[in-house]
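Working notes for the structure below.
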Amino acid sequence: MVDKIKNKTNIDVDKFIERLKKELSINTISNDEKKKEANEQLVYCIYDVLVIILDVTHQNIISEGLYTTWLNMVKDYWYLNKYDDQFVKSIDAEENEDKNVKVKSIQVGDTTSQIEINGTTYNTGTIDFDNDILIEKYKKALYRHRKMRW
């Protein structure tokens with residue numbers, strides 16, 4: 001999968017992946033099995049976002065100018081799909097299992113929550129994640145690199 005990604009970009013993918021591992025706290029996972037799964041999922045996220053970017057921009061490769069956009073989109077994709085809960089936060093929860101946890105408030109029927117990512121607040125909960133949320137947020141940056149199709 002990494003080779004497919006490398007063929008579709010001018011960006012150094014190995015450094016890109018290492019930066020994301022640090023920023024998403026994947027390097028802090030102590031369980032080797034969980035860490036391996038998180039690394040695999042990160043590569044899938046990078047590829048999924050690559051496909052989204054190429055589809056929106058009508059390009060064949062991701063150029064250097066889209067580095068930051070691609071990086072931020074992958075992080076948003078990671079959090080919106082709650083992979084941080086699955087891999088990183090679940091480890092913290094296991095370690096803190098014995099500590100007392102106090103709940104601030106509970107409302108009957110409230111199944112939604114809000115998450116803030118890179119300055120944008122998203123509602124999560126009953127509605128499944130949709131790629132259109134990601135595209136809408138980064139539309140201006142992506143459209144600057146868009147190639148017109150006839």
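What you see is a predicted model, and the numbers here were worked out from it, not measured in a lab. By convention here, the first residue in the shown sequence is residue 1.
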Handout entry: Residue pairs involving residues 47-64 (criterion salt bridge (charged side-chain N to carboxylate O under 4.0 Å, His left out); sequence neighbours excluded)
Key = none
Problem - Q41 (side chain) donor-acceptor with Y83 (main chain) under 3.5 angstrom - result: no
Practice task
Check whether V51 and M73 end up in the same hydrophobic cluster, where Ile, Leu, Val, Met, Phe, Trp and Tyr are linked by side-chain heavy atoms less than 4.5 Å apart.
Solution key: yes
Handout entry: Within one Ile-Leu-Val-Met-Phe-Trp-Tyr cluster: V2 and L24, side-chain cutoff 4.5 Å
Key = yes
Practice task
Take atom CG of N60 as the centre, draw a 6.0 Å sphere, and report whether it contains more than 12 heavy atoms from other residues, nucleotides or ligands.
Solution key: no
Practice task
Enumerate the residue pairs fulfilling salt bridge (charged side-chain N to carboxylate O under 4.0 Å, His left out) with a member in residues 16-26, sequence neighbours excluded, ordered by first and then second residue.
Solution key: E18-K21, R19-E23, E23-K75
Exercise for the section: Group every Ile, Leu, Val, Met, Phe, Trp and Tyr by side-chain heavy-atom contacts under 4.5 Å, then state whether Y143 and I61 land in the same group. Expected result: no
Practice task
Output, in order, the C-alpha distance, side-chain angles, deciding distance and verdict of salt bridge (charged side-chain N to carboxylate O under 4.0 Å, His left out) for E136 and K139.
Solution key: CA-CA 5 Å; E136 188 64 34; K139 186 186 294 186; 3.2 Å; yes
Problem - Backbone N/O of L142 and side chain of T57: donor-acceptor pair under 3.5 Å - result: no
Problem - K34 side-chain N/O to Q86 backbone N/O, donor-acceptor pair under 3.5 Å - result: yes
Exercise for the section: Could you tell me whether K35 atom NZ has more than 12 heavy atoms of other residues or ligands within 6.0 Å of it? Expected result: yes
Problem - Qualifying ring pair (Phe, Tyr, Trp, His ring centres under 6.0 Å) pairs, either residue in residues 15-65, two or more places apart - result: F16-Y67, F16-W70
